Amino acid sequence: MKQTIKALIENAALAAYEKGALPSDTFPPVTVEEPKVESQGDYATNIAMVMAKAQKMAPRKIAEAIVAEIPVEGLVERLEIAGPGFINLFLKKSTWLTAISRVEAGGEAYGASQLGAGKKVQVEFVSANPTGPLHVGHGRGAAVGDSTARILNFAGFEVDKEYYINDSGRQIRTLGLSLFLRYKALCGQTVEFPGDCYQGDYIIEMAREVQADKGESLLAMEQDEAVQICARIAADEILSGIKNDLEAFGVPFDNWFSEQSLYDEGRVMETIDELKAKGTVFEKEGALWFKATDYDDEKDRVVVRSNGQTTYFASDIAYHMNKFERGYQRLIDVWGADHHGYIPRINASIEATGHNPEDFDVILVQLVNLLRGGEPVAMSTRSGEFVTLKDVVDEVGADAARFIFLSRHYDSPLDFDLDLAKKKSNDNPVFYVQYVHARITSILEKAKTERNLTVSAVPTELLSEPEEITLMKAMLRFPDVVDTAARLLEPHRISYYLMDLASAFHSYYNKHKVLTEDTHLSAARLRLVASVRQVIKTGLALLGVSAPEKM
RNA sequence: GCGCCCGUAGCUCAGCUGGAUAGAGCGCCGGACUUCGAAUCCGUAGGUCGCAGGUUCGAAUCCUGCCGGGCGCACCA
């Protein structure tokens with residue numbers, strides 16, 4: 001709707017220019033917004049004010065020239081010029097009524113758009129090292145990444161979701177060592193368990209399985225070989241646990257991409273050779289450095305250490321190059337905020353390898369503080385004291401967890417209170433929104449069984465209560481909200497919108513009965529609430545939250 | 001020391017990339033179920049948008065400097 005209004009205004013401005021009422025045809029970007037106060041119209045635009053400089057005219061004069069060109073027959077009831085030069089538009093009731101037919105026509109696609117124009121996007125998220133189970137922080141990243149992908153897909157992008165598995169390098173070796181030492185201990189040998197090994201109980205459990213499976217055969221091998229075997233066993237098992245946990249959380253991935261495969265296929269060395277050929281690396285103190293400072297990073301970065309090993313950064317350069325080579329036109333990485341210092345060097349490497357950093361976005365998700373009844377719950381992977389994502393999903397459910405993760409801008413730290421997440425009240429908005437869906441479903445059933453009424457194309461003119469208009473306006477806003485959420489990569493906008501729409505519905509429900517003695521009115525209201533249910537369902541789907549018919 | 005993010009109602013947070021009188025939930029207080037689901041609704045109170053300057057028709061939003069909090073600054077991942 002906002003787009004429609006915007007086009008209306010811009011066309012009017014152009015018409016005014018063509019008729020000579022405006023001296024210049026340079027039109028700055030126009031914003032159309034919905035004023036908070038009813039007296040300021042349904043939509044308002046600041047076009048006259050932002051144009052004042054270029055036109056060398058008083059804003060109110062410009063506004064008059066534009067208003068004269070806006071057709072009043074169509075959507076618009078009347079226009080006002082207010083304050084310093086706002087143009088306020090008041091729409092006809094018939095315009096609001098179109099909300100219902102629009103939702104019905106769109107169905108599950110109502111709110112979808114062609115913003116992305118089929119552009120291929122990859123969203124990479126979670127990508128936790130397979131050295132332990134996912135914790136709550138990963139859950140937030142998973143929710144944000146998954147929902148962002150759903151929103152972009154809905155907005156016309158072609159989206160793939162990918163998990164990058166860090167299955168090479170030192171932490172995997174440490175994992176293998178941890179498992180081997182636990183195993184050794186179980187076999188009755190005295191071992192010293194180093195502090196930098198993974199302490200969690202899950203390692204001991206795996207050691208038991210290894211013992212049951214292989215007996216004491218690993219003790220007979222060279223330790224290096226045994227550790228390698230343990231590393232593979234542990235990484236595979238942990239990864240399959242991660243996959244299960246994510247599935248239970250409603251987060252499927254299109255690709256699971258192995259870091260090790262970049263080495264196996266020689267991609268990392270190729271990348272380093274390419275950087276060499278471009279002269280963007282140099283040797284210093286026995287190591288090979290990437291000249292990140294040539295691309296606005298604050299220092300140069302090592303890609304090959306003096307001991308000959310490549311760094312994580314080296315494979316990351318290769319990985320991002322590979323993403324572009326696979327045809328993605330836009331890359332979105334979801335990272336924990338503690339990795340923010342990493343952005344400039346990835347940007348630098350993307351530029352150095354001949355791609356555009358503009359096509360690369362990072363969503364930095366702030367950390368999660370897990371609470372129980374207001375008290376912090378300690379978490380640390382190394383010490384093994386943490387609450388896993390699985391624990392949380394088991395305790396509060398995937399829907400509640402996801403909604404909480406998505407009810408906050410990813411930019412701000414999140415307090416996740418386990419006790420609060422379980423409350424079935426307004427403390428916990430997921431139920432508030434889902435309740436709308438269940439309530440409307442129940443009304444539709446009742447209408448059918450008791451009144452033999454189903455949703456049909458009856459006239460909607462009977463709908464004229466203020467609460468009804470509010471609902472229709474809210475539904476017309478949905479496509480705008482999706483658009484904004486997609487452009488800004490901000491799923492929380494969907495959550496807030498849904499709470500708004502839910503609130504409008506609950507108010508309406510409490511004040512007016514859908515099923516009245518008047519059959520025509522009832523039928524019209526049935527159409528209205530069925531549309532509301534559709535929008536709620538679609539919105540929840542964008543968050544990856546279910547829309548239950550009963551609660 | 002340098003860099004990134006954040007300071008909005010008692011609490012938890014929105015504020016559509018500069019708009020008009022800054023919003024919501026929780027909590028407090030007071031109301032609404034013989035009627036489609038009370039996991040709901042209605043109402044009251046609550047603010048110098050961290051502080052100080054600047055930019056302009058107009059600032060919670062942009063710039064600068066402070067104050068306060070979080071997180072980073074490896075030949076770790």
Side-chain angles (χ1 to χ4, degrees), chain A residues 2 31-37 39-40 44-46 49-50 52-53 58-59 82-86 88 129 131 166 168-172 174 259 284-289 298-299 301-307 309 311-313 315-316 336-344 364 366-367 369 374 407-409 411-415 417 420 423-432 434-436 438-447 450-451 477 480-481 483-485 487-488 490 492-493 495-497 499-500 502-503 505-516 522 525 529 550-551:
Chain A
K2 222 182 235 183
T31 66
V32 171
E33 52 183 29
E34 297 161 56
K36 297 159 207 141
V37 191
S39 63
Q40 292 166 0
T45 176
N46 62 355
M49 276 120 69
V50 294
K53 213 165 236 171
F86 290 103
N88 297 336
N129 294 342
T131 55
N166 299 124
S168 98
R170 207 183 68 181
Q171 85 279 358
I172 290 293
T174 305
E259 179 188 12
K284 192 178 88 182
E285 294 160 7
L288 191 69
W289 299 68
E298 57 182 10
K299 43 180 98 160
R301 309 290 177 179
V302 172
V303 286
V304 182
R305 289 183 263 163
S306 51
N307 66 7
Q309 289 182 337
T311 59
Y312 177 85
F313 179 48
S315 51
D316 237 8
D338 52 341
H339 288 72
H340 74 259
Y342 209 71
I343 298 175
L364 276 183
Q366 292 290 329
L367 304 182
N369 300 308
S407 308
R408 206 124 308 170
H409 190 126
D411 236 358
S412 61
L414 170 66
D415 289 337
D417 195 308
L420 214 64
K423 276 200 195 169
K424 298 189 169 173
S425 72
N426 245 353
D427 282 334
N428 198 355
V430 66
F431 299 116
Y432 185 79
Q434 288 180 320
Y435 190 39
V436 173
R439 256 186 165 174
I440 295 175
T441 303
S442 159
I443 295 171
L444 293 176
E445 265 167 31
K446 191 182 166 97
E450 294 180 15
R451 311 283 285 273
R477 256 177 56 218
D480 300 331
V481 172
D483 182 82
T484 308
R487 274 187 298 106
L488 304 181
E490 292 181 347
H492 75 280
R493 290 179 184 277
S495 312
Y496 278 90
Y497 168 79
M499 290 189 262
D500 253 19
S503 166
F505 173 76
H506 285 311
S507 296
Y508 174 59
Y509 177 89
N510 271 273
K511 193 158 176 186
H512 306 286
K513 298 207 46 152
V514 173
L515 304 175
T516 66
S522 302
R525 287 184 172 173
V529 299
K550 284 194 172 79
M551 295 174 64

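None of the values given here were measured: they were computed from a predicted structure. Lettering of chains follows the sequences in order, A, B, ..., and the numbering in each one begins at 1.
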Checklist entry - So what does A:Lys36 touch, heavy atoms closer than 4.0 Å: a base, only the sugar-phosphate, or nothing? => result sugar-phosphate
Checklist entry - Checking A:Arg439 against A:Phe505: charged group under 6.0 Å from the ring centre and within 45 degrees of the axis? => result no
Next on the checklist: Is it the case that B:rC75 (base atoms only) and A:Ser306 (side chain only) share a donor and an acceptor within less than 3.5 Å, ignoring hydrogens and angles?
Outcome noted: yes
Next on the checklist: If we ignore hydrogens and angles and just use 3.5 Å, is the side chain of A:Arg451 paired with the main-chain N or O of A:Thr516 as donor and acceptor?
Outcome noted: yes
Next on the checklist: Measuring from the side chain of A:Ser442 (C-beta onward, heavy atoms only), which nucleotide among B:rC36, B:rG37, B:rU12 has the closest atom?
Outcome noted: B:rG37
Next on the checklist: Heavy atoms only, 4.0 Å cut-off, all strands: where does A:Lys513 land among base, sugar-phosphate and nothing?
Outcome noted: base
Checklist entry - Between B:rC11 atom P and A:Leu420 atom CG, what is the distance in whole Å? => result 16 Å
Checklist entry - At under 4.0 Å between heavy atoms, what does A:Pro84 touch on the DNA or RNA strands: base, sugar-phosphate, or nothing? => result base
Checklist outcome for this item: Heavy-atom nearest nucleotide on RNA chain B taken for A:Glu34 and for A:Thr45; more 5' hit belongs to A:Glu34
Checklist entry - Separation of A:Leu367 atom CG from B:rC71 atom P, in whole Å? => result 7 Å
Checklist entry - With a 4.0 Å cut-off on heavy atoms, is A:Lys299 in touch with a base, just the backbone sugar-phosphate, or nothing at all? => result sugar-phosphate
Item to check | Nucleotide nearest A:Met49 when distance is taken to its side chain, options B:rA14, B:rA77, B:rG19 | outcome: B:rG19
Checklist entry - Looking at B:rG37, B:rA77, B:rA74, which one has an atom nearest to any side-chain atom of A:Met551? => result B:rG37
Item to check | Whole-Å gap separating P (B:rG69) and CG (A:Asn369) | outcome: 16 Å
Checklist entry - Dot-bracket for RNA chain B: what is it, with Watson-Crick or G-U pairs under 3.5 Å, [ ] where a pair crosses earlier ones, and | for a pair to another strand? => result (((((.(..((((.....[...))))..((((.......))))......(((((..]....)))))).)))))....
Checklist entry - When the nearest nucleotide of RNA chain B is assigned to A:Gly169 and to A:Arg493 on a heavy-atom basis, which residue is associated with the more 5' position? => result A:Arg493
Checklist entry - With no hydrogens and no angle check, do the side chains of A:Glu259 and A:Ser315 hold a donor and an acceptor under 3.5 Å apart? => result yes
Next on the checklist: What I want to check is whether the side chains of A:Tyr342 and A:Arg301 have a donor and an acceptor closer together than 3.5 Å.
Outcome noted: no
Next on the checklist: With a 3.5 Å distance limit and no angle check, can you tell me whether A:Thr311 reaches the backbone of A:Val302 through a side-chain donor-acceptor pair?
Outcome noted: yes
Next on the checklist: Run A:Asp415 and A:Leu420 through side-chain contact (heavy atoms from CB on, under 4.5 Å) and show every step you take.
Outcome noted: CA-CA 10 Å; A:Asp415 289 337; A:Leu420 214 64; over 6 Å; no
Item to check | Chi-based syn or anti call at B:rC26, which uses purine or pyrimidine torsion atoms and a 90° bound | outcome: anti
Checklist entry - Nearest to the side chain of A:His340, which nucleotide is it out of B:rC4, B:rA38, B:rG19? => result B:rC4
Item to check | Separation of atom CD in A:Gln366 from atom P in B:rG69, rounded to whole Å | outcome: 17 Å
Checklist entry - Aromatic rings A:His512 and A:Tyr508: how do their planes relate, parallel, tilted or perpendicular, breaks at 30° and 60°? => result tilted
Checklist entry - Is the base of B:rG72 touched by the side chain of A:His339 through a donor-acceptor pair closer than 3.5 angstrom? => result no
Checklist entry - Less than 3.5 Å between a donor and an acceptor, one on the side chain of A:Asp500 and one on the base of B:rA14, is that the case here? => result no
Checklist entry - What is the nucleic acid contact for A:His492, judged by heavy atoms within less than 4.0 Å: base, sugar-phosphate only, or nothing? => result sugar-phosphate
Checklist entry - When all nucleic acid strands are considered with a 4.0 Å heavy-atom cut-off, which category describes A:Ala447: base, sugar-phosphate, or nothing? => result nothing
Checklist entry - Closest to the A:Val37 side chain: B:rG15, B:rU21, B:rC13? => result B:rU21
Checklist entry - So what does A:Glu285 touch, heavy atoms closer than 4.0 Å: a base, only the sugar-phosphate, or nothing? => result base
Checklist entry - Which is true for A:Asp411 with a 4.0 Å heavy-atom rule: it touches a base, it touches only sugar-phosphate, or it touches nothing? => result sugar-phosphate
Checklist entry - Can you check the A:Asn510 CG to B:rC41 P distance for me, whole Å? => result 7 Å
Checklist entry - Excluding sequence neighbours, so at least two apart, what forms side-chain contact (heavy atoms from CB on, under 4.5 Å) with A:Thr31? => result A:Asn46
Next on the checklist: Counting only side-chain heavy atoms from C-beta out, which of B:rU40, B:rA20, B:rC6 sits nearest to A:Pro35?
Outcome noted: B:rA20
Item to check | Derivation of the side-chain contact (heavy atoms from CB on, under 4.5 Å) call for A:Met551 and A:Phe431 | outcome: CA-CA 9 Å; A:Met551 295 174 64; A:Phe431 299 116; 3.9 Å; yes
Item to check | Closest nucleotide among B:rC13, B:rC36, B:rG19 to the A:Leu515 side chain | outcome: B:rC36
Checklist entry - Roughly, in whole Å, what's the span from NE2 in A:His506 to P in B:rA24? => result 17 Å
Checklist outcome for this item: Rounded to whole Å, the CG-P distance (A:Leu288 to B:rA74) equals 19 Å
Checklist entry - What does A:Tyr312 touch in the nucleic acid at a heavy-atom separation under 4.0 angstrom: a base, only the sugar-phosphate, or nothing? => result base
Checklist entry - Can you find a donor-acceptor pair, distance only, under 3.5 Å between A:Asp338 side chain and B:rG72 base? => result no
Checklist entry - Within this structure, what is the CG-to-P distance between A:Leu414 and B:rC13, rounded to whole angstrom? => result 7 Å
